[in-house]
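Shown next, in structure tokens, is the structure this report addresses.
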Amino acid sequence: MKKAHLFLLLASALAMLTGCEAKQDKKTAADQPTVVIEAVPTPVVPPKETAEIPGVMISGWFYTLQKDKDGADLMVADSQAVVGVPVLIYGKYAANAEDEGVTTMKDVAVDGGGKRNFVKVRYDGDDYWVRDYAVAVNAMPGIVRDEGLFLYTRPSLSSMGTKEIANNTIVAVFLNPLEGEGSEHFFKIRHYVNDGKTYTVNGYLFKTSIIQNYYLVQMQQCLNKAEELQAATGADPAVIAELLENAKAFETAYKEK
């Protein structure tokens, strides 16, 4: 009996102890302050700039964006662009508006004086800025392979203009689809007019008068540079000879393609 009575006392004490702990737990939980976790806004990360639009340099220079002594933007010429060199242009191409949607900077001071408009491009693995007139947007290089041609002012057989374009002229051929009856026979092109005024001309030519092959374009680039050096005083004959050899190599590559 004593053992039974002792067991009952222990059981009762254990129940009381358990009940106290439970009450203590409930009281502790109730007394704890409510923790409010505020939602942390996800930072808005602007989309990464990409250079995806094909373009062609028609003239001008590659510039780098720097700062002047007062911390203002300043475009500094880095290297001269070779006519016909393909580049990739930053931005998003806007159909039927060849210069809209690209990444630009307007009225930027240029080292040497003046303010100009620029387009951001990627060339040979590096980023540059080029004058807006100097690059054809959404275009590929080509070369005129016909004699006695005149530019058309519209993609129409009845729209021949008065501006002549020489054989072997390197041009930018726009990829924009043309509209209108008979337009399927034409390319819209842009080319550089080397008359001392440094300007470019837009027009239309028959597709059959233009070859879009970069071997031929590079061949003509070498020939143009060799001709330029031959007209200059003190040009290194070895450099000229190498340019002519390179031109032959590009021509051979074109014929063997």
Side-chain angles (χ1 to χ4, degrees), residues 51-62 79-89 98 121-125 128 130 133-152 155 160-161 163-178 183-195 198-232 235 237-257:
E52 299 177 345
I53 308 170
V56 180
M57 294 302 298
I58 292 301
S59 65
W61 290 68
F62 291 108
S79 58
Q80 189 170 12
V82 178
V83 174
V85 165
V87 295
L88 290 175
I89 302 171
E98 62 194 35
V121 304
R122 189 161 185 81
Y123 169 65
D124 199 24
Y128 295 99
V130 299
Y133 77 88
V135 61
V137 179
N138 198 40
M140 297 294 286
I143 186 168
V144 175
R145 300 295 273 181
D146 210 344
E147 300 278 359
L149 296 180
F150 290 86
L151 287 177
Y152 286 74
M160 181 184 289
K163 293 179 179 178
E164 190 173 1
I165 183 168
N167 187 30
N168 295 323
T169 298
I170 295 173
V171 299
V173 179
F174 288 99
L175 303 177
N176 312 52
L178 301 179
S183 63
E184 68 274 11
H185 302 298
F186 288 88
F187 280 135
K188 181 182 179 181
I189 63 102
R190 180 181 296 170
H191 73 105
Y192 171 60
V193 179
N194 187 15
D195 63 353
T198 313
Y199 71 104
T200 59
V201 173
N202 285 351
Y204 299 86
L205 284 176
F206 280 109
K207 291 181 178 179
T208 53
S209 299
I210 296 175
I211 296 179
Q212 290 182 277
N213 182 277
Y214 199 49
Y215 285 133
L216 281 185
V217 172
Q218 289 174 295
M219 177 198 75
Q220 194 60 45
Q221 287 171 339
C222 291
L223 293 175
N224 290 348
K225 186 62 179 179
E227 183 179 354
E228 177 186 330
L229 291 177
Q230 286 170 339
V239 174
I240 296 173
E242 184 175 353
L243 285 167
L244 295 176
E245 284 298 319
N246 290 343
K248 289 181 181 179
F250 285 126
E251 184 178 24
T252 301
Y254 165 69
K255 292 178 178 178
E256 294 178 350
K257 68 176 177 58

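Count residues from 1 along the sequence. Computed from a predicted structure; not experimentally measured.
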Checklist entry - Considering residues, nucleotides and ligands other than Glu184, do more than 12 of their heavy atoms fall under 6.0 Å from its CD? => result yes
Checklist entry - Given Val144 and Val171, is the side chain to side chain contact (heavy atoms under 4.5 Å, CB included) satisfied, shown in steps? => result CA-CA 7 Å; Val144 175; Val171 299; 4.0 Å; yes
Item to check | Distance, nearest 0.5 Å, that separates CG of Leu223 from CD of Glu251 | outcome: 8.0 Å
Checklist entry - So how far is it from Asp124 CG to Ser79 OG, rounded to the nearest 0.5 Å? => result 9.0 Å
Checklist entry - Should Thr208 and His185 count as side-chain neighbours, where that means a heavy-atom distance under 4.5 Å? => result no
Checklist outcome for this item: Nearest heavy-atom contact between Tyr133 and Arg190 is O-NH1, 4.1 Å
Next on the checklist: For Ser209 versus Asp146, what's the shortest heavy-atom pair and its separation?
Outcome noted: OG-OD2, 3.5 Å
Checklist entry - If we only count heavy atoms from C-beta on, is the Leu229 to Val239 side-chain gap below 4.5 Å? => result yes
Item to check | Exercise: identify the closest heavy-atom pair between Ser59 and Ala134 | outcome: O-CB, 3.2 Å
Checklist entry - Between Arg145 and Asn167, is any side-chain donor less than 3.5 angstrom from a side-chain acceptor? => result no
Next on the checklist: Nearest 0.5 angstrom please: Asn202 CG to Lys163 NZ, how far?
Outcome noted: 9.0 Å
Checklist outcome for this item: Residue set satisfying salt bridge (Lys or Arg N to Asp or Glu O under 4.0 Å) with Glu228, at least two apart, ordered chain then number -> Lys225
Checklist entry - Atom CG in Asn168, atom CG in Leu216: separation rounded to 0.5 Å? => result 9.0 Å
Checklist entry - Considering only heavy atoms from C-beta outward, does the side chain of Ile165 approach that of His191 to under 4.5 Å? => result yes
Item to check | Set of residues satisfying side-chain contact (heavy atoms from CB on, under 4.5 Å) with respect to Val83, sequence neighbours excluded | outcome: Ile170, Tyr192
Checklist entry - Going through the checks in order, is the ring pair (Phe, Tyr, Trp, His ring centres under 6.0 Å) test met by Tyr215 and Tyr254? => result CA-CA 6 Å; Tyr215 285 133; Tyr254 165 69; 7.8 Å; no
Item to check | Donor-acceptor under 3.5 Å (Thr252 side chain, Lys248 main chain) | outcome: yes
Checklist entry - By ring pair (Phe, Tyr, Trp, His ring centres under 6.0 Å), which residues pair with Phe206, not counting sequence neighbours? => result Tyr152, Phe186
Checklist entry - Between Glu164 and Gly148, which heavy-atom pair has the shortest distance, and what is it? => result OE2-CA, 4.1 Å
Checklist outcome for this item: All heavy atoms of Leu175 vs all of Ala139, minimum pair found to be CG-CA, 4.1 Å
Next on the checklist: Quick check on Glu227: does its CD atom have over 12 non-hydrogen neighbours (other residues, nucleotides or ligands) under 6.0 Å away?
Outcome noted: no
Next on the checklist: To check you understand the geometry: which heavy-atom pair defines the closest contact between Ala172 and Val56, and what is its length?
Outcome noted: CB-CB, 3.8 Å
Checklist entry - Can you check ring pair (Phe, Tyr, Trp, His ring centres under 6.0 Å) on Tyr123 and Phe62, steps first, answer last? => result CA-CA 9 Å; Tyr123 169 65; Phe62 291 108; 4.7 Å; yes
Item to check | Side chain proximity check, Ile89 to Pro54, heavy atoms < 4.5 angstrom | outcome: no
Checklist outcome for this item: d(Ile53 CD1, Leu88 CG) to nearest 0.5 Å is 9.5 Å
Next on the checklist: Any non-hydrogen side-chain atom of Ile143 less than 4.5 Å from a side-chain atom of Thr169?
Outcome noted: no
Checklist entry - Does the side chain to side chain contact (heavy atoms under 4.5 Å, CB included) test come out yes or no for Val130 and Met57, once each step is laid out? => result CA-CA 9 Å; Val130 299; Met57 294 302 298; 3.7 Å; yes
Item to check | Side-chain touch Leu205/Val173, heavy atoms, less than 4.5 angstrom | outcome: no
